[in-house]
Amino acid sequence: MKKEFFNEKMETMSFEELHSIQEEKFIKQIDYVWGKSPFYQKKFKEHGVERGDIRGLEDLHKLPFTEKDELRRSQEEDPPLGSHCAAPMDNIIRIHSSSGTTGIPTFVGITRHDHKVWTEITARSLFAKSVRPTDVMIHAVGLTFFVGGLPVKDATEHIGAAFVPIGTGASDRVVMTTKRLGGNLLHCTPSYAQYLADYVRKKQNMEPSELGFKKLVVGAEPGGGVPAIKKRLQEDYQCIVSEGLGNSDAAPIIFGECPAQQGMHFCAQEYIFPELIDPSSGDVLEMTDGAEGELVYTLLDRECCPVVRFRTRDRITIFSDPCECGRTSFRIRCIGRTDDMLLLLGVNVFPSAIKDVVTSFRPLTTGDMLILLDEPGPKVQPPLKVQVEYTQTVKDLTALKKDLENILREKLVFRADVELVPEGTLPRYEMKTKLIKKLFK
Ligand SMILES: [Zn+2]
């Protein structure tokens with residue numbers, strides 16, 4: 001594999017050297033936060049920690065976690081950006097908003113300096129995902145509000161690739177523009193990539209591979225890392241699929257998957273200090289190969305909305321063995337979000353894992369499915385109701401239902417009640433796919 005980097009020095013740095021840079025930046029940032037953020041001044045005081053107690057990263061665990069709900073409340077009580085905002089409006093150059101999947105959206109502001117940091121991290125991540133100056137990127141993601149929009153434009157331009165802003169809900173324009181401009185790279189959500197594949201087959205009578213993309217760069221939801229969905233997309237488009245992961249409160253894209261396809265590399269080396277924690281006890285876990293837990297971020301270089309020990313709710317697995325691409329950072333796979341997790345007789349089940357099994361049954365299924373919940377999760381009484389779309393190729397519906405239920409039990413250790421519904425019954429999404437339908441009020 002060709003070893004190529006956006007920032008070779010930072011991306012190939014040894015753990016020890018990077019740690020000392022992180023340490024230095026942490027001390028500076030924690031002084032800044034203590035001095036400028038009323039939210040953290042109050043929070044740290046309530047937690048009984050004083051500035052002198054925190055001498056370096058080894059004391060980070062003494063500081064309390066920050067929850068998304070606290071940021072939301074802080075913004076409601078102290079508008080517009082909340083008391084965690086540590087920069088005056090004069091210095092703020094842009095305000096984004098989180099997608100609001102878990103409640104009322106929150107706003108995130110950035111200063112000119114924060115903008116530079118975001119662009120660098122996002123460019124490293126996109127470069128890991130194989131974006132190069134020669135590429136023509138068809139950007140089928142909305143540019144408004146969402147951090148996957150304008151910040152990706154900035155980072156793509158920073159790399160030197162050509163950015164073609166199309167947005168969502170314009171599939172005909174995606175097809176026409178891709179052909180006329182010779183677009184070779186599609187940037188979108190995995191849901192949209194699946195939607196577009198179906199769309200061109202049905203409406204344009206062509207195979208998705210005929211669009212001519214050589215790279216598919218996806219993110220904003222799990223999918224690019226779900227084995228059956230990745231396989232489906234790579235077969236449909238006949239090209240490599242790489243995924244990324246970001247966080248609107250930290251940076252637009254923080255992890256990027258390199259061509260080795262063994263997880264996404266951490267690309268915010270000196271800008272974010274990541275921790276892995278046990279989501280129930282809050283204990284810090286060692287980031288050893290195969291370790292599983294929730295990601296926590298402490299921003300090391302942020303002016304406007306700094307966060308300390310921010311709980312992302314992203315459940316991840318760590319890969320720490322050396323990667324053939326030459327990057328020295330650890331890699332992750334995102335298993336799902338803690339908010340979506342279901343608990344069946346003590347077993348954790350993530351909707352994306354069910355989707356993986358259902359998609360692996362293609363072409364008997366379309367890959368589309370919906371979990372029906374009678375009661376608020378995460379605890380659910382088995383069997384879990386799952387609607388699955390079958391295709392016209394199925395001869396025996398009873399056998400398919402049984403096979404699906406058996407494999408779900410075998411692979412994910414829970415009992416499902418599969419209801420087969422005809423192709424085209426379930427809603428399709430152009431942004432993020434909803435995998436759960438709540439039947440309760
Ligand atoms: Zn790699």
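Atom set for the values below is all heavy atoms of this structure, side chains included, hydrogens, waters and symmetry mates excluded. Counting starts at 1 for both ligands and their atoms, in listed order.
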If you measure only the distance, is there a donor-acceptor pair under 3.5 Å linking the side chains of Thr119 and His158?
no
Near the Zn ion (ligand 1), meaning under 2.8 Å, the protein N/O/S atoms are Cys258 SG, His265 NE2, Cys323 SG, Cys325 SG
Can a donor-acceptor pair be found between the side chains of Gln194 and Arg232 at a distance below 3.5 Å?
yes
Using a strict threshold of under 4.0 Å (side-chain N to carboxylate O), is an ion pair present between Glu235 and Lys231?
yes
Only one of His139, Met137, Arg132, Lys214 forms a side chain to side chain contact (heavy atoms under 4.5 Å, CB included) with Leu185, so which one is it?
Met137
Sub-4.5 Å side-chain heavy-atom contact between Leu63 and Tyr40:
no
Distance alone, cut at 3.5 Å: any donor-acceptor contact between the side chains of Glu120 and Asn7?
yes
